[in-house]
Amino acid sequence: MSKAAPDLAHLSAATREQLLLSDAERIHIIAAGAWLPLRHAKTALTKFEELLTHPKVTRMPCYLLVGPSYSGKTSILERFLDLHPPDLSPDQETTQCPVVMVDAPPQPDLSEFYAGILDALMAPYKPTSPKHEKLSQVKRLFRELGVKILIIDEIHHLIAGSLNRQREFRNALKSLSNMTKVSIVASGIEEAYNAFAADSQMSSRFVPIEMPRWSANGDLGEVLMTLERRMPLRKPSGLHMPGLMMAILARSEGTLGDICDLIKAAAIEAIRNGTEQISEQGLSRLDWVPPSKRKMYRRAP
Amino acid sequence: MSKAATPWLPLWPVRYKPLADELLSSWLIRLSHGMGLKVQTFCNLEFGNQRQVWNRDIDRFGPSWLIERLSQRTGTPLEVAHRTSLRAYDGILYRRFKSNGVLPWVLRLKMYHRTWLGHGLMFCPGCLAEDKEPYFRRRWRLALNTVCSRHRCMLLDCCPVCQAGVGFTRTDLGQPGQEDFMGQNVCHACGFDLRQAVAPPPGCLDEEAAAWLNQLWTEFEAGDFVPDLIEQLTVFHMICSLLTRRNRALHLAEYLGDRLGVEHPLTLQSWTPLETRSVDERHQLLQMAAWLMVDLPGRLGEARRAHAIRFNHLLRDFDEVPEGYRRIALSLQGGKAPAGEGFGAEHGREEHQDHDRLT
Ligand SMILES: [Zn+2]
Ligand SMILES: [Zn+2]
């Protein structure tokens, strides 16, 4: 290992080339945080992919992606959406839009939910029109635009309402899927899973996909190695080594989103201060609060 | 044609392009329904409540703000969008567009309290039945047209069950809570499926006249609007006006009725312009006028000698008379028609051409 040719085995080929870029450019690449091809995510994507070619049946298969906040659910869903962008070419008679993604409204309000779908489809609609009219517009547009999968992120918002509202919402989801033959992929925290499980029809329909829980084991080691290979730092950090892994887990509190954010922050700091590697000392000096805790932290007196 | 004034707007998710010969109003209806909206809701959302779309004959007026917006939001070239309105016939069917009164060859929509009365739009049940999604054609707004050239049947100009005017209407076709709007093939007044209507074969007063009309229509449909064709349309329209004008000494319609064996010419039932008449009236009237056109100098001369028309009728109230027609009219002043000056007459024209070739 000579100074002229540093050992770059810790980096992927593409990342090695990024070393030629300026510090500012490398920091930008890290902050932009490209998609991480992790095993559990790839498995989920394969399942979603199968929905696209699923024959139209009475009860279309649906999935519920379950996991705590910041566990990376949204980035899997966004990745899937990116893989299937709408065809917006002006020459077409309609936009072809196989995958639509919406956030669940903060309250179980069906009219708002349908409005969110219409917004995602970029359709004109009358905000004040009653929910059944919005629903019929959604149905017509699903047909026109060839929608196959409706992704609903943060579905747990829907369980904020009374049991009656929840039931109304669950029924609406079921009938929307039945009427349009569109598969639904919902994502939410544990409570959403429990709310779905309360309805036997719902729980049989929505197959859960659980996000992995990260602890100091080989799976996490794999994630950390993947992350390291994609960070354009000049020196190896050995993120998967037991000491550093434990430090990362401790500070990030174990959710994937926070792990990634922590490592991003540490890597950017390593470029700025010229150390070019992430170390336990570097982590401990980092002024960093997990995003999941930031609200509480700020609110604290 | 490009106007930079309109800001960029995103494409609509549903951006159907106009179908062959589709009318602006029909296109707008298909677009609204394709997006799951009632036409009026759609127009209010897109154009605001200020700009009323449905209380005017948008096909005749072809408002540029409407056409430009549809072009932009559907990714349709502006020329193609423009062609959906009857304004594309500016300078062809009529010399100058005007917003009031009768526009030559453009059927008049009569509107009363947001519904269309009268016979301003026709349809062919066979054409509607063949459409994947039934739509209305521009040619079904033209007074010149009474027969479907594809199905060789009469066009119909109202619902055969309830006699209501067909086509676009302000009372929306959609039923609330249904994503499937009724197609344009359904009578808005009684729900009858216009595709089921029976269209009779066209009646024929005179073979030659029918052939002349057919030839004119074929040339018109081909869309090659050469000056000859435009002049022919102008003169033909003048002759039709002579048949629908009330004038003490003008008995052209009666005379032609006699000549062609029509006992009670429909055209005599009222003195209204061609453009406000029913398809049956027009069909008879056009044939009578066409019979004259077959040999205009000769047959007008006969009519004059029979005291059905006077010289001064021929030019009165017409502005910008085509030169060929003026010559015919002037030749009738003395009482004799010049030979071989047939205006638009098939035979006359052929002779003329032969003559040219020989010299
Ligand atoms: Zn037809
Ligand atoms: Zn009717």
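The chains referred to below are lettered A, B, ... by the order of the sequence lines, with proteins before strands, and numbering in each begins at 1.
Counting non-hydrogen atoms of other residues, nucleotides and ligands closer than 6.0 Å to CZ of A:F80 gives a total above 12. The environment of NE2 in A:H28 is sparse: at most 12 heavy-atom neighbours from other residues, nucleotides or ligands sit within 6.0 Å. The number of heavy atoms from other shown groups lying within 6.0 Å of CD (A:Q201) does not exceed 12.
Neither the backbone nor the side chain of B:T76 comes within contact range of chain A; no heavy atom of the residue lies under 4.5 Å from a heavy atom of that chain. Using a 4.5 Å cut-off between heavy atoms, B:P10 does not touch chain A at all.
Looking only at side-chain heavy atoms (C-beta outward), A:T94 and B:Y16 come within less than 4.5 Å of each other.
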Intermediate values then yes/no, side chain to side chain contact (heavy atoms under 4.5 Å, CB included), B:V14 and A:L145: CA-CA 8 Å; B:V14 169; A:L145 310 191; 4.1 Å; yes

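Looking at every heavy atom in both residues, A:Q92 comes nearest to B:R15 through O-CG, 3.4 Å. In plain terms, the two heavy atoms of B:L11 and A:L88 that are nearest each other are CD1-O, 3.5 Å.
Atoms CZ and NE2, on A:R140 and B:H33 in that order, are 8.5 Å from each other to the nearest 0.5 Å.
For residues 114-131 of chain A, heavy-atom neighbours of chain B at less than 4.5 Å comprise A:L121, A:M122, A:A123, A:P124, A:Y125, A:K126, sorted by residue number.
Without hydrogens or angle criteria, A:Q137 side chain to B:M35 main chain gives a donor-acceptor distance under 3.5 Å.
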